[in-house]
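As a basis for the values below, the full set of heavy atoms in this structure was taken, side chains included, without hydrogen atoms, waters or symmetry mates.
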Amino acid sequence: MRRILCFGDSNTYGYSPVDGQRYGDDINWPGVLDRLLGDKFEVINEGKNGRTVAFDDPYKEGCNGMSDIEACIEDHEPLDLVIIMLGTNDLKVYFDASPQIIAENLRKMCKAVQTKTDARIILASPALLGDQIEFSPLHLEFGRTQVDYSFELAPYFEKVAKEIGAEFIDLAMVAMSSDVDCLHLMPEEHAKVAQAMRDKVLWMFREELAREEREEEARRRAEEEARLREEKEREERLRAAEAERVAAEEEARLREEKEREERLRAAEAERMAAEEEARLREEKEREEAERDAEEGARLRLQAILKAAEKEAVKAKVQEAEGLNSDFVQGNGMGEAEQEAAGTAESLGAVGGSASSEKEKMLSGKLYICDAALRTEATEARKITAVYNQTTNVEISKRTELLTRLFKKVGKTPYIEPPFRCDYGSNITVGDEFYANFDCIMLDCANIKIGDHVFFGPKVNIYTACHPIYAPVRNQQLEYAKEVTIGDDVWIGGNVTINPGVHIGNNVVIGSGSVITSDIPDGVVAAGNPCRILRRISEADKKYWEEQMAQIR
């Protein structure tokens, strides 16, 4: 089992900014890391509240990390890895230490570690100080300069790591300080740190783990081969026993079958003898019946012949006496034939109505821009051409044109010309919507914008999509995904919003951002691709209300 020492300050210790208590091992990042790494690693938490790299804090005794790092290593040897996550407390105002000084002290600490143990080292640059810390309960220890310094620690720490042969991880890219005190981590941020540390540790020990996995696999294969051999031998013994049993059963079956066949043959012989006796008896009776029938027929024929002779004699006598017999022959009526035929056939017309291309477009299916869509797009071009020629004094005319162009318009919309869209009829804007110059909305799908939403210049909203597979794309087929923007949103200049994006309420988007995925409520986000920088907190509200009060 590999042993990992986590040497750090209160964010390693697990200090909760909410109640000042210590998070349990199920929440603090060393405890979570221990669970994530499994039974091949043991993680030791040596975090201490207020610990510095090399400064003696006048308000907290025993917090100089340089003084206790060697003793800590001795207590926990042997070690395979030391993770050092320090530097935040060294930024305190009364130390007056620059990032360069803190990094140099950290170099000395790493050298001390390397003289004490052969364990590998990970230097972790801590999370950034919250930009409102100067208004937090910690404002006497950290000010605006310290916030700026926290941004500069990572490059210096990374340089130290390279020079001493250690690994480096920038936790500012992983976790954010809490809004409570702008310094300590909330439980979800501890989980992110643990996951990032897990990935780094597994990468560092990848070769050893792979070798152990191969050895384990070889052992499993050997055990499996032994099990298969034993299974084969057992099966052979079972087959032999089964063959003996089957042979005995077959012998008994054949003996029983022979006896049964002999009984059947004897019974069949008796049956056939009885049937033959019955057949002969029946044959004898039939022959006797046939003889009786032939004799009766012969006697009846004789009687008929005698009667015929008597009739012939009688006829001759009548002819001789000149008597004639009249015969009357009646003809039957001719049969009248009548033929009637009729056919009836009913033909039902079956008609199928496919969805229109616009219905397909708005439902997210593949569609082709047909004549109806082109006509609608042409009408939108005419309206936007007129709109883009209006002046700033024609406010009512602009509102009337937007009402004709858009699907739905709230109170007092204002868009600086020039403005471009595909159809306009798929765009909905709420109250007090504002868009600066050069706004483009490709509304092949619905675009829904809430109340009090402001756009900087050159904000582009795209709903149109094209198939990745070229043979389908070359058929002029395309599709679209809906875009929605909530209430109270500010979007800076040159921002691109891609198809299918949903932006929540109370959001600020930095200029130049490319938004490719959903943005939740209440955050500041920026970048390409756009990512969340921080939450919009109560401290922001207080600060800006104070700023507004000063100008009144």
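The 12-atom threshold is not exceeded at CZ of R531, counting heavy atoms of other residues, nucleotides or ligands nearer than 6.0 Å. Counting non-hydrogen atoms of other residues, nucleotides and ligands closer than 6.0 Å to CG of D118 gives a total of 12 or fewer. Counting non-hydrogen atoms of neighbouring residues, nucleotides and ligands closer than 6.0 angstrom, the CD atom of E230 reaches no more than 12 such neighbours. Annotation: D19, atom CG; neighbour count of heavy atoms from other residues, nucleotides and ligands within 6.0 Å is above 12. Heavy-atom neighbours of Q476 CD from other residues, nucleotides or ligands within 6.0 Å: at or below the threshold of 12. For NZ of K408, the number of neighbouring non-hydrogen atoms (other residues, nucleotides, ligands) closer than 6.0 Å is 12 at most.
Between L86 and I102 the shortest side-chain heavy-atom distance does not fall below 4.5 Å. Side-chain contact between R381 and D422: present, with at least one pair of heavy atoms (C-beta onward) separated by less than 4.5 Å. Residues T428 and F406 have side chains not in contact (no heavy-atom distance under 4.5 Å, counting atoms from C-beta outward). The shortest side-chain heavy-atom distance between E538 and D179 does not fall under the 4.5 Å cut-off. At a threshold of 4.5 Å between non-hydrogen side-chain atoms, the residues E189 and S178 do not count as touching. Between C421 and I427 there is a side-chain heavy-atom pair separated by less than 4.5 Å. Counting heavy atoms from C-beta outward, P30 and T12 have side chains that approach closer than 4.5 Å. Contact annotation: the side chain of I415 approaches that of Y387 to within less than 4.5 Å [non-hydrogen atoms, C-beta and beyond].
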Report task. Could you walk me through whether Q100 and Y156 pass the side chain to side chain contact (heavy atoms under 4.5 Å, CB included) test, one step at a time? Result -> CA-CA 7 Å; Q100 297 96 318; Y156 288 105; 3.1 Å; yes

Query raised in the report: Could you walk me through whether R227 and E224 pass the salt bridge (Lys or Arg N to Asp or Glu O under 4.0 Å) check?
Result: CA-CA 5 Å; R227 186 190 66 79; E224 180 66 12; 2.4 Å; yes

Query - From CA spacing to verdict: side chain to side chain contact (heavy atoms under 4.5 Å, CB included), V18, M186 - result: CA-CA 8 Å; V18 176; M186 297 297 282; 3.9 Å; yes

Report task. Could you please spell out the steps behind the salt bridge (Lys or Arg N to Asp or Glu O under 4.0 Å) verdict for R219 and E223? Result -> CA-CA 6 Å; R219 183 187 63 77; E223 290 178 353; 2.3 Å; yes

Query raised in the report: So V32 and Y23, side chain to side chain contact (heavy atoms under 4.5 Å, CB included) or not? Walk me through it.
Result: CA-CA 11 Å; V32 177; Y23 292 133; over 6 Å; no

Query - Audit row: Y367, C444, side chain to side chain contact (heavy atoms under 4.5 Å, CB included) steps and yes/no - result: CA-CA 11 Å; Y367 73 96; C444 300; 3.7 Å; yes

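Between R107 and E104 there is a salt bridge, with a side-chain nitrogen of the basic residue lying less than 4.0 Å from a carboxylate oxygen of the acidic one. Contact check on E212 versus R2 returns a salt bridge, with a Lys/Arg side-chain nitrogen under 4.0 Å from an Asp/Glu carboxylate oxygen. Using a 4.0 Å cut-off between a side-chain N of Lys or Arg and a carboxylate O of Asp or Glu, R220 and E213 qualify as a salt bridge. With respect to D443 and K407, no salt bridge is recorded, no charged nitrogen being found less than 4.0 Å from a carboxylate O. The pair R214-E217 fails the salt-bridge criterion, with no side-chain N (NZ, NE, NH1 or NH2) lying under 4.0 Å from an Asp/Glu carboxylate O.
For N436 (side chain) and V459 (main-chain N/O), no donor-acceptor pair under 3.5 Å exists by modelled atom type. In terms of modelled atom types and a separation under 3.5 Å, the side chain of N494 and the main chain of S511 share no donor-acceptor contact. Without hydrogens or angle criteria, D199 side chain to A196 main chain gives no donor-acceptor distance under 3.5 Å. The backbone N or O of Y13 lies less than 3.5 Å from a partner atom in the side chain of R22, making a donor-acceptor pair. A distance-only check finds no donor-acceptor pair linking the side chain of S513 to the backbone of I515 [under 3.5 Å]. Under the 3.5 Å distance criterion, the side-chain polar atoms of N388 are left unmatched by any main-chain donor or acceptor of P417. Judged purely by atom type and a 3.5 angstrom limit, R198 has no side-chain atom pairing as donor or acceptor with the backbone of Q195. Judged by distance alone, the side chain of T399 and the main-chain N or O of I395 form a donor-acceptor pair under 3.5 Å. In this structure, H76 contributes its side chain and I73 its backbone to no donor-acceptor pair below 3.5 Å. Not one N or O on the side chain of K200 forms a donor-acceptor pair closer than 3.5 Å with the backbone of I122.
Counting all heavy atoms, side chain and backbone alike, A119 lies closest to V82 at CB-CG2, 4.2 Å. Scanning all heavy atoms of the two residues, the minimum distance from N506 to V489 falls at N-CG2, 4.3 Å. Closest non-hydrogen pair, L405 versus Y423, comes out as CD1-O, 3.9 Å. Summarising the geometry of E42 relative to R3, their closest heavy-atom pair is OE1-NH1, 2.9 Å, with the distance given to 0.1 Å. Residues G510 and V495 share a closest heavy-atom pair of O-CG2, 3.4 Å. Closest approach of N505 and D521 over heavy atoms only: N-OD1, 2.7 Å.
With values rounded to the nearest 0.5 angstrom, I44 atom CD1 is found 10.5 Å from L81 atom CG. Rounding to the nearest 0.5 Å places CD1 of I461 at 4.5 Å from CE of M441. Atom CD1 of I468 is separated from atom CZ of R473 by 8.5 Å, given to the nearest 0.5 angstrom. Here NZ of K542 is found 10.0 Å from CD of Q132. Values are rounded to the nearest 0.5 Å. With rounding to the nearest 0.5 angstrom, the CG atom of L128 is 11.0 Å from the CD atom of E152. The CG atom of N89 lies 6.0 Å from the OG atom of S10; values are rounded to the nearest 0.5 Å.
Using modelled atom types, one finds a donor on one side chain and an acceptor on the other under 3.5 Å when comparing D25 with N28. At a cut-off of 3.5 Å, with distance as the only test, no side-chain donor of Y15 or D9 sits close to an acceptor on the other residue. Side chains of R420 and N460: no donor on one and acceptor on the other come within 3.5 Å.
Using bins of under 30°, 30° to 60° and over 60° for the plane-to-plane angle, the ring pair F433/F455 lands in the perpendicular bin. F135 and Y543 have tilted rings, their planes meeting at an angle from 30° to 60° on a 0 to 90° scale.
A cation-pi geometry, defined here as NZ or CZ lying under 6.0 Å from the six-membered ring centre and within 45° of its normal, holds between R120 and F205.
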